[in-house]
Amino acid sequence: MPTSLTEVRPFIQDLQKHSASEEYGSDLRYTQCFNEFLLFLNQRFLALQKENTPLTNSKENHVVRHAIHYIQDHLSEPVKVETLAKAQFISREHLTREFKRHTGFSPHAYIQKRKLLYAKERLLEGATITIACNDAGFTNYSHFIKAFKKEFELTPRQFQQQNL
């Protein structure tokens, strides 16, 4: 898979910076950087495999990147797949298909995972469970507790107690 060093270097530098850092939350930033690097590689591979053209010319890549940036910028709000699709003037089904093809996640699963990671980061910063729930855009407290436990195998309270 042909890739120039200038395309890969920023990912590697970010990974090195966050892996060596002892700064608060660096483990979450490392995970985020790693996921973005994997997304880049998967997109590159799929683009070359299907179109035999550079990924930067891929319309689907733009769709997925825009959706990911929108999600990141609106973590504290309820984000719906319909909203992501409407923002790009495409159908919900098309967005879901392209998102899954490029990331391996459905948009809904990705949104929930990002929100849970953000809530985890807020808990590490000392926020209460209710504040972390609200800050991460969850509108239902019990759903947040169940989703958190499913993702991290700990309730938010257990997570807080482990990280005191």
Side-chain angles (χ1 to χ4, degrees), residues 1-4 6-8 10-12 14-15 18 25 27-123 129-156 159:
M1 181 170 63
T3 306
S4 74
T6 56
E7 290 176 299
V8 176
F11 294 107
I12 293 172
D14 282 347
L15 287 169
H18 294 300
D27 59 333
L28 295 173
R29 294 196 199 292
Y30 179 82
T31 301
Q32 181 181 359
C33 291
F34 184 73
N35 287 335
E36 288 175 358
F37 185 53
L38 288 178
L39 175 63
F40 168 79
L41 292 176
N42 283 330
Q43 289 172 333
R44 182 67 131 145
F45 177 76
L46 288 171
L48 291 173
Q49 184 182 35
K50 293 196 180 253
E51 302 170 5
N52 201 22
T53 58
L55 181 61
T56 54
N57 295 333
S58 170
K59 178 182 174 190
E60 291 79 18
N61 178 44
H62 174 72
V63 168
V64 173
R65 280 185 194 250
H66 183 273
I68 287 172
H69 286 292
Y70 184 92
I71 293 165
Q72 186 63 32
D73 291 342
H74 296 88
L75 282 176
S76 62
E77 306 164 17
V79 178
K80 296 184 178 183
V81 178
E82 292 82 12
T83 306
L84 293 171
K86 283 181 184 178
Q88 298 188 72
F89 304 102
I90 59 175
S91 72
R92 179 185 198 276
E93 294 77 18
H94 179 68
L95 174 64
T96 301
R97 206 172 28 253
E98 292 305 314
F99 202 94
K100 177 90 173 175
R101 184 171 71 132
H102 286 283
T103 66
F105 291 100
S106 70
H108 177 74
Y110 182 85
I111 292 167
Q112 180 147 328
K113 189 170 203 64
R114 289 296 304 130
K115 286 179 172 287
L116 288 169
L117 286 169
Y118 182 63
K120 182 179 176 183
E121 187 176 322
R122 293 291 294 130
L123 290 171
I129 297 169
T130 303
I131 290 174
C133 173
N134 292 335
D135 286 356
F138 283 91
T139 56
N140 184 315
Y141 185 78
S142 63
H143 172 70
F144 168 69
I145 301 297
K146 288 176 188 173
F148 193 95
K149 181 167 178 137
K150 184 177 179 184
E151 182 69 28
F152 302 115
E153 298 178 353
L154 295 169
T155 65
F159 178 77

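- The CG atom of D27 lies 8.5 Å from the CD atom of E121; values are rounded to the nearest 0.5 Å.
- A 4.5 Å side-chain heavy-atom check between Y141 and N134 finds every atom pair outside the cut-off.
- Taking the six-membered ring where the residue is Trp, Y110 and F99 present perpendicular rings, their angle passing 60° and hence far from 30°.
- Residue F152 places its CZ atom among more than 12 non-hydrogen atoms of other residues, nucleotides or ligands, all under 6.0 Å distant.
- In this structure, Q72 and Q32 have side chains that are in contact, with non-hydrogen atoms separated by less than 4.5 Å.
- Atoms OG1 and CG, from T31 and L15 in turn, are 10.0 Å apart once rounded to the nearest 0.5 Å.
- Between R122 and Y118 there is a side-chain heavy-atom pair separated by less than 4.5 Å.
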Kindly determine whether T83 and Y70 satisfy side-chain contact (heavy atoms from CB on, under 4.5 Å), including the steps that lead there. CA-CA 10 Å; T83 306; Y70 184 92; 3.4 Å; yes
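- Contact between H66 and A87 at its shortest, heavy atoms only, is CE1-CB, 4.2 Å.
- Using a 4.5 Å heavy-atom threshold, the side chains of F148 and I129 count as separate.
- Nearest heavy-atom pair across T103 and L39 is CG2-CD1, 3.3 Å.
- Of all the heavy atoms in L95 and Q88, the pair that sits closest is CD1-NE2, 4.3 Å.
- Within the model, atoms CD of E151 and CG of L116 stand 5.5 Å from one another, a figure rounded to the nearest 0.5 Å.
- Residues R65 and F40 are in side-chain contact: their nearest non-hydrogen atoms beyond the backbone lie under 4.5 Å apart.
- In this structure, the separation between CD on Q112 and OG on S106 is 9.5 Å, given to the nearest 0.5 Å.
- Scanning both residues, L123 and P156, for their nearest heavy atoms gives CD1-CB, 4.0 Å.
- Within the model, atoms CG of L117 and CG of L28 stand 6.5 Å from one another, a figure rounded to the nearest 0.5 Å.
- Taking all atoms of both residues into account, the shortest heavy-atom contact from H94 to I90 is CD2-CD1, 3.9 Å.
- Contact detail for G137 and K115: the closest heavy-atom pair is CA-NZ, 3.7 Å.
- I111 contributes atom CD1, which lies 10.5 Å from atom CD1 of I68 (distance to the nearest 0.5 angstrom).
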